[in-house]
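Just below is one structure, and these are the notes that go with it.
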Amino acid sequence: QLQLVESGGGLVQPGGSLRLSCATSQFTLENYAIAWFRQAPGKEREGVSCISHSDGRTTYYADSVRGRFTVSRDNAKNTVYLEMNTLKPEDTAVYSCAADLFGDCQDDDLSRGIDYWGKGTLVTVSS
């Protein structure tokens with residue numbers, strides 16, 4: 001079963017930064033839009049960011065993270081990154097990435113059309 005692997009989560013103080021990575025050795029990510037989701041305990045899953053396939057010219061950010069998070073892709077490394085700055089306690093969640101073949105991040109529901117998911121990495125923002 002094809003799957004994505006997230007890394008980079010951990011414990012960080014409020015105001016700090018983390019960089020999450022999403023990668024796989026099983027297929028080429030270049031043809032896929034990559035979306036990032038998060039789910040906090042007791043809350044619904046939220047789509048926080050997305051980068052379109054190939055050159056990544058289209059990106060999306062939820063209002064809750066816009067200006068603090070940056071998504072990017074390095075197709076040579078077959079990896080997509082989520083740079084998270086000025087982290088807040090309310091950013092605490094399990095962060096997962098997901099792949100959408102030839103996706104353009106234009107759908108209101110980022111989870112629609114997802115082909116593959118990762119299992120997630122925990123981000124905890126606490127002093």
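T28 places no side-chain N or O within donor-acceptor distance of the main-chain N or O of E30, the cut-off being under 3.5 Å. Without hydrogens or angle criteria, S52 side chain to A33 main chain gives no donor-acceptor distance under 3.5 Å. Formation of a donor-acceptor pair under 3.5 Å by the R73 side chain with backbone atoms of L29 is found in this model. Listed for the D100 side chain is no donor-acceptor partner under 3.5 Å among the backbone atoms of C105. A distance-only check finds a donor-acceptor pair linking the side chain of D115 to the backbone of L101 [under 3.5 Å]. Side-chain N or O atoms of N75 include one that pairs as donor or acceptor with a backbone N or O of S54 at under 3.5 Å.
Separating the SG atom in C97 from the OH atom in Y81 is a distance of 12.5 Å, to the nearest 0.5 Å. To the nearest 0.5 angstrom, Q13 atom CD is 8.5 Å from S126 atom OG. Between atom CD1 of residue I34 and atom OG1 of residue T59 there is a gap of 14.0 Å, rounded to the nearest 0.5 Å. Between the CZ atom of R38 and the CD atom of E46 there is a distance of 4.5 Å, given to the nearest 0.5 Å.
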Please assess L20 against V123 for the test side chain to side chain contact (heavy atoms under 4.5 Å, CB included), listing each intermediate value before the final yes or no.
CA-CA 9 Å; L20 305 184; V123 172; 4.0 Å; yes
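Closest approach of V80 to V71, counting heavy atoms only: CG1-CG2, 4.0 Å. Contact record, K43 with Q39: O-NE2, 3.1 Å, taken as the closest heavy-atom pair. Shortest non-hydrogen contact noted between A98 and W117 is CB-CE3, 3.7 Å. Taking each heavy atom of A40 and A93 in turn, the nearest pair found is N-CB, 3.8 Å. Contact record, A62 with G47: CB-O, 3.6 Å, taken as the closest heavy-atom pair. Closest approach of E6 to T121, counting heavy atoms only: CB-CG2, 3.9 Å.
Scanning for side chain to side chain contact (heavy atoms under 4.5 Å, CB included) contacts around S7 gives S21, with sequence neighbours left out. For the side chain to side chain contact (heavy atoms under 4.5 Å, CB included) test, residues two or more places apart in sequence or in another chain that qualify with R68 are V65, T86, K88, D91.
Using a 4.5 Å heavy-atom threshold, the side chains of S17 and V12 count as separate. Contact annotation: the side chain of Y60 never approaches that of D104 to less than 4.5 Å [non-hydrogen atoms, C-beta and beyond].
Hydrophobic clustering (side-chain heavy atoms under 4.5 Å, transitive across Ile, Leu, Val, Met, Phe, Trp, Tyr) groups L18 together with W36. Residues V48 and I114 do not share a hydrophobic cluster, clusters being chains of Ile/Leu/Val/Met/Phe/Trp/Tyr side chains in contact below 4.5 Å. Clustering ILVMFWY residues whenever any of their side-chain heavy atoms sit less than 4.5 angstrom apart, transitively, puts L2 in a cluster other than the one holding V5. Y95 and L122 end up in different hydrophobic clusters when Ile, Leu, Val, Met, Phe, Trp and Tyr side chains are linked at under 4.5 Å. At a threshold of 4.5 Å between side-chain heavy atoms, the hydrophobic network of Ile, Leu, Val, Met, Phe, Trp and Tyr places I51 and L82 in one connected group.
Classified by interplanar angle (parallel below 30°, tilted 30° to 60°, perpendicular above 60°), the ring pair Y116/F27 is tilted.
In this structure, R66 fails the cation-pi test against Y61, since its NZ or CZ atom is not both closer than 6.0 Å to the six-membered ring centre and inside 45 degrees of the ring normal.
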